[in-house]
Amino acid sequence: MTDTISVVVVDDDPLVRAGLGLILGGAPEVRVVGDADDGDAGVELVRRVRPDVVLMDIRMPRVDGIEATRQLAAADAMPRVIVLTTFDTDDMVLRALRAGAAGFLLKDTPPDQLVAAVRAAAAGEPTLSPSVAAQLIDQVSGGAAAESEAGRRAARRRLETLTDREREVAAELARGLSNAEIAGELYLSVPTVKTHVSRILDKLAAGNRVQAAIAVHDAGLAP
């Protein structure tokens, strides 16, 4: 990532695109390099300009944000995709995270938090607050895990790359626990837990804690 964070905005509402452009344009290190009004045009634009971060609306005509994110995830150099939604309990958010999104933001996120989330995403950091992550994990645990038996097997193969201790930490992630809570449960220091979480995310190719938790639930190994 260069010193300037390049961003593409994909949303079918021109007012939302304009508003996000104004907000992000006020941050000196952020540059909006383009926008699109649907997922199909967004994928084409992203492949052309190769931004660091994409703000992707979930609900759009023709190609929605989930399918667009899935298409970008199949590319060699996927940008960090943050999906935009109206409700933080929307099941489509989970589908977007499974498709490869790095996190999500509500459309009414305050400007300073929006810019901070873009910075965090570009740096490879989580873009979900613990409370929101816990809500999403609760949704996963309360519903179907993997969408198919093949998905369950694929998730289990991913978890086989973890050490025994990392699997223990991943199981606690699946409960929605914070690093401090995991440290207390497993009698570890918080820095040690952070190290394990970082390795888990890397091995599972997960963009954040929620994606790792989804992988655990999909594998049928959640506590």
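- Using a 4.5 Å cut-off between side-chain heavy atoms of Ile, Leu, Val, Met, Phe, Trp and Tyr, with links allowed through other members, Met56 and Val49 fall into the same hydrophobic cluster.
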Can you check side chain to side chain contact (heavy atoms under 4.5 Å, CB included) on Leu159 and Arg156, steps first, answer last?
-> CA-CA 5 Å; Leu159 264 67; Arg156 286 181 173 173; 5.7 Å; no
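- Taking the charged nitrogens against the carboxylate oxygens, Arg62 and Asp38 do have a contact shorter than 4.0 Å, which makes a salt bridge.
- Val83 and Val63 end up in different hydrophobic clusters when Ile, Leu, Val, Met, Phe, Trp and Tyr side chains are linked at under 4.5 Å.
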What do the steps show when you test Arg59 against Asp64 for side chain to side chain contact (heavy atoms under 4.5 Å, CB included), and what is the final call?
-> CA-CA 5 Å; Arg59 290 186 173 90; Asp64 64 21; over 6 Å; no
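- For Lys194, there are no salt bridge (charged side-chain N to carboxylate O under 4.0 Å, His left out) partners at least two apart in sequence or on another chain.
- Distance alone, capped at 3.5 Å, places no donor-acceptor pair between the Arg70 side chain and the Ala99 backbone.
- Atom OG1 in Thr161 sits 9.0 Å away from atom CG in Asp202 (nearest 0.5 Å).
- Looking at Ser189 and Thr192, their side chains do bring a donor and an acceptor atom within 3.5 Å of each other.
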Please report the C-alpha distance between Glu168 and Leu186 in whole Å, then the side-chain angles of each, then the deciding distance to 0.1 Å, and finally whether the side chain to side chain contact (heavy atoms under 4.5 Å, CB included) criterion is met.
-> CA-CA 8 Å; Glu168 290 177 343; Leu186 300 180; 4.2 Å; yes
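- The minimum heavy-atom distance linking Ile82 with Ala117 is given by the pair CD1-O, 3.9 Å.
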Check the pair Val7 / Val30 against side chain to side chain contact (heavy atoms under 4.5 Å, CB included), numbers first and verdict last.
-> CA-CA 7 Å; Val7 179; Val30 178; 3.8 Å; yes
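- The main-chain N or O of Leu105 is never found under 3.5 Å from a side-chain atom of Thr109 such that the two would form a donor-acceptor pair.
- Under the 4.0 Å criterion applied to side-chain N and carboxylate O atoms, Glu160 and Arg157 are not assigned as salt-bridge partners.
- The stretch residues 12-24 participates, sequence neighbours left out, in these salt bridge (charged side-chain N to carboxylate O under 4.0 Å, His left out) pairs: Arg17-Asp35.
- For Gln113, the CD atom sits in a packed shell: over 12 heavy atoms of surrounding residues, nucleotides or ligands are nearer than 6.0 Å.
- Salt-bridge check for Asp218 with Arg158: failed, with every basic side-chain N at 4.0 Å or more from each acidic carboxylate O.
- The shortest heavy-atom contact between Ala215 and Leu204 is CB-CD1, 4.3 Å.
- Annotation: side chain to side chain contact (heavy atoms under 4.5 Å, CB included) contacts of Thr163 (sequence neighbours excluded): Arg165, Glu166, Lys203.
- In plain terms, the two heavy atoms of Leu162 and Arg167 that are nearest each other are CB-CG, 3.7 Å.
- Contact between Thr69 and Gly100 at its shortest, heavy atoms only, is CG2-C, 3.9 Å.
- With respect to Arg209, the side chain to side chain contact (heavy atoms under 4.5 Å, CB included) criterion is satisfied by exactly one of Leu173, Ile214, Ile200: Leu173.
- Nearest heavy-atom pair across Pro51 and Ser6 is CA-OG, 3.2 Å.
- Nearest heavy atom pair, residue Val54 against residue Pro79, reads CG2-CG, 3.7 Å.
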